[in-house]
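To start, the structure under review is shown below, and the notes come after it.
In what follows, residues are counted from 1 in the order of the sequence shown. Please read all numbers here as calculations on a predicted model, not as lab measurements.
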Amino acid sequence: MTAVVHTPLDRRYFLALAAQTAVAGTLPRSAWGARALHHDPFGLGVASGDPSPDGFILWTRLLGDGAPLADTALPVRWEVAEDAAFRRIVQRGSAMAMPELGHSVHVEIKGLPSGRWYHYRFHHGAATSRVGQARTAPALQDLPARLRLVFASCQRWEHGYYAAWANVAREAPDLVLFLGDYIYEYATPTDPMGLARVHALRHASTLADFRDRYALHKSDPQLQTAHAACPWVVTWDDHEVQNDWAGTTGRWDRAGFADLRNAGFQAFYEHMPLGAARLAGPGFAALQLYRRLAWGQLAQLHVLDGRQYRDRQACRRANASGAGAVPAGQCAELEQATRSFLGGTQERWLDAGLAQDAARGARWSVLAQQTLFSPRHYPSGIQSTDTWDGYPAARERLTASIARHTPARTVVLGGDIHQNYVCRVPKKAQALEGPAVASEFCGTSISSRSGATQVKLDAIVRRNPHILLARCGERGYGLAEITPTLWTTHLQVVQDPMRMDSTVHTLASFVVEPGQPGPVREA
């Protein structure tokens with residue numbers, strides 16, 4: 001048996017770890033019946049994530065029947081099979097769902113053949129979870145014919161239903177990249193006019209609050225279906241903790257932000273298919289979410305964390321709205337060469353990874369990060385401080401790294417801004433019509449509304465020749481079809497986000513060829 005089940009790395013969790021790593025058959029049979037629940041304990045669904053050539057991570061969390069579960073460990077069995085009927089089981093084992101982790105379970109599956117699909121499920125007492133699908137990545141030396149990849153972000157509960165996720169499952173992707181804002185920390189507005197649905201949760205400030213918020217989102221059947229369809233690779237943005245947080249600084253300079261951040265971090269870990277490598281130390285003061293996943297020789301995915309290590313947004317004290325925008329040329333801090341969006345350690349790690357891509361001949365280098373990377377010169381003369389525009393020196397260092405190592409075969413994926421952008425990434429932000437070094441697709445939201453107008457975006461496009469498309473008002477996701485010789489992105493948008501049964505259509509499609517930086521729109 002080659003699965004590992006884990007908990008955080010301090011003394012009390014080592015005791016839990018010993019309980020979680022028990023394999024099937026080692027617990028007394030009475031343990032499974034004694035704690036059988038009289039409801040469906042798998043009401044939050046199942047998930048898999050971070051596929052490797054020989055395995056993946058499985059996740060679930062047990063729920064109580066309208067009340068919190070008892071403060072005790074509960075046994076969970078798991079199975080991985082080649083078929084949906086579980087006649088050809090390849091691995092099985094057991095774990096303890098620990099109260100210290102909100103009764104969540106993380107199982108690391110190892111030792112499977114590469115490039116194959118599997119089915120998995122969990123059992124607790126007489127209850128059995130829904131069946132999910134997971135897959136292993138291709139072997140490192142293989143060149144697969146295709147990777148079908150969905151990228152998505154921003155799913156505020158009140159702003160729309162999750163019809164987009166139902167359609168994602170129908171797309172049959174190999175992988176979903178979720179780029180941040182899985183939850184929103186806000187309470188429902190007092191005026192529900194124009195909202196698709198409401199909830200009764202307060203503004204999240206404690207671990208219990210964040211657990212309740214994830215339980216709310218994960219209760220959605222369309223989101224559960226998308227999780228069960230394929231592995232997910234997840235990172236975060238700001239709303240998993242607090243709007244516009246940066247590094248160790250909260251939005252309002254209030255005491256207690258460290259506790260708030262830790263609570264948000266722990267709840268994120270508890271509800272995502274993440275492995276032990278993400279635990280950066282004892283407790284949850286840090287999670288290392290930046291990581292690399294190889295899809296054979298076809299693509300290397302560099303998953304980035306643009307929140308935890310960044311410098312605080314420039315000139316925030318002079319900006320009454322907090323992070324947002326400042327008049328161009330009126331914020332000297334903005335231009336400081338040492339300011340970083342990713343932090344020095346992650347910057348060096350990414351540069352080394354791009355060099356590795358060049359050395360091993362990966363066809364595509366994919367930067368999976370939170371927000372719009374390409375510069376935007378606004379007609380009003382203002383400059384964003386929370387996107388990469390607020391960190392121009394850091395962006396120039398990264399574009400220089402791409403130009404050195406993987407020019408014309410790097411694709412940047414982003415989210416956050418609730419708008420669809422397609423861009424040629426210029427090497428220099430001051431030379432927008434100059435040479436491009438990469439292609440960018442910044443996707444709109446799953447459900448969260450945009451505050452922009454199309455008139456404003458059209459004006460931005462006229463002022464920024466490297467921006468090929470900028471659209472607001474739609475909700476949806478991006479679907480990328482990646483082959484050794486062509487990258488095709490379809491911008492998929494929801495017809496009516498106020499309907500659970502809404503259809504989805506393609507807004508536009510763009511192709512990228514290796515060696516030709518910059519997307520080209522398909523007719």
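Cation-pi geometry between R197 and Y162 is met: under 6.0 angstrom from the ring centre, within 45 degrees of the axis. At least one test fails for R213 against the ring of W157: distance under 6.0 Å to the centre or angle within 45° of the axis.
Looking at heavy atoms from C-beta onward, T489 lies in side-chain contact with F151 at the 4.5 angstrom threshold. The shortest distance between side-chain heavy atoms of Q266 and F210 does not fall below 4.5 Å. Under the 4.5 Å side-chain criterion, counting only non-hydrogen atoms from C-beta, R146 is not in contact with I482. Within the 4.5 Å cutoff, the side chain of W295 has heavy atoms near those of the P138 side chain. Side-chain contact check for T60 versus S104: every heavy-atom pair is 4.5 Å or farther apart. Two residues are said to be in side-chain contact when any heavy atoms from C-beta on lie closer than 4.5 Å; V504 and R170 fail this criterion. Inter-residue side-chain proximity for Q155 and F178 is flagged as met; some heavy-atom pair is nearer than 4.5 Å. You'll find the side chain of C230 reaches within 4.5 Å of the side chain of V176, heavy atoms only.
For the residue pair D416 / T371, a side-chain donor-acceptor distance below 3.5 Å is found, with atom types taken as modelled. A donor-acceptor contact under 3.5 angstrom links the side chains of E171 and Y477, judged on distance only. Side chains of Q369 and W388: a donor on one and an acceptor on the other come within 3.5 Å. A side-chain N or O of Q495 and one of H505 form a donor-acceptor pair less than 3.5 Å apart. A side-chain donor from one of H271 and R61 sits under 3.5 Å from a side-chain acceptor of the other. A donor-acceptor contact closer than 3.5 angstrom is absent between the side chains of E82 and W117. For the residue pair T506 and Q492, a side-chain donor N or O sits within less than 3.5 Å of a side-chain acceptor on the partner. Between the side chains of H103 and E270, no donor N or O sits under 3.5 Å from an acceptor N or O. A side-chain donor from one of H490 and S509 sits under 3.5 Å from a side-chain acceptor of the other. No side-chain N or O of Y309 forms a donor-acceptor pair with one of T345 less than 3.5 Å apart.
Between the side chain of T188 and the backbone N or O of H199 there is at least one donor-acceptor pair closer than 3.5 Å. The closest donor-acceptor contact from the side chain of S448 to the backbone of R156 lies under 3.5 Å. Side chain of Q300 to main chain of G353: no donor-acceptor pair is present (N/O by atom type, distance under 3.5 Å, no hydrogens or angles). Proximity of a side-chain donor or acceptor of E79 to a complementary backbone N or O of Y120 within less than 3.5 Å is not detected. Checked by atom type and distance alone, the side chain of T235 pairs as donor or acceptor with a backbone atom of L304 at under 3.5 Å. No donor-acceptor pair closer than 3.5 Å links the side chain of Q313 to the backbone N or O of A246. Of the possible polar contacts, none joining the Q346 side chain to the Y290 backbone as a donor-acceptor pair under 3.5 Å is found. In this structure a side-chain-to-backbone donor-acceptor pair under 3.5 Å is present from E240 to D237.
Ion pairing of R291 with D50 is present here, as a side-chain N (NZ or NE/NH1/NH2) and a carboxylate O approach within less than 4.0 Å. Contact check on D386 versus R310 returns a salt bridge, with a Lys/Arg side-chain nitrogen under 4.0 Å from an Asp/Glu carboxylate oxygen. Comment: D244 does not engage R312 in a salt bridge, judged by the lack of any side-chain N to carboxylate O separation of less than 4.0 angstrom.
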Legend entry - Intermediate values then yes/no, ring-ring contact (aromatic ring centres under 6.0 Å, His included), Y391 and F341: CA-CA 6 Å; Y391 302 80; F341 190 85; 5.3 Å; yes
Inset, instruction - Start with the C-alpha distance between W487 and F510, add both sets of side-chain angles, then the distance that settles ring-ring contact (aromatic ring centres under 6.0 Å, His included), and finish with yes or no. - result: CA-CA 8 Å; W487 176 301; F510 289 80; over 10 Å; no
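Among K218, H217, H239, the one residue that satisfies the side chain to side chain donor-acceptor pair (under 3.5 Å) test with Y182 is K218.
Heavy atoms of other residues, nucleotides or ligands lying less than 6.0 angstrom from CG of D501 number more than 12.
Residues A187 and R202 approach most closely at CB-C, 4.1 Å, considering heavy atoms.
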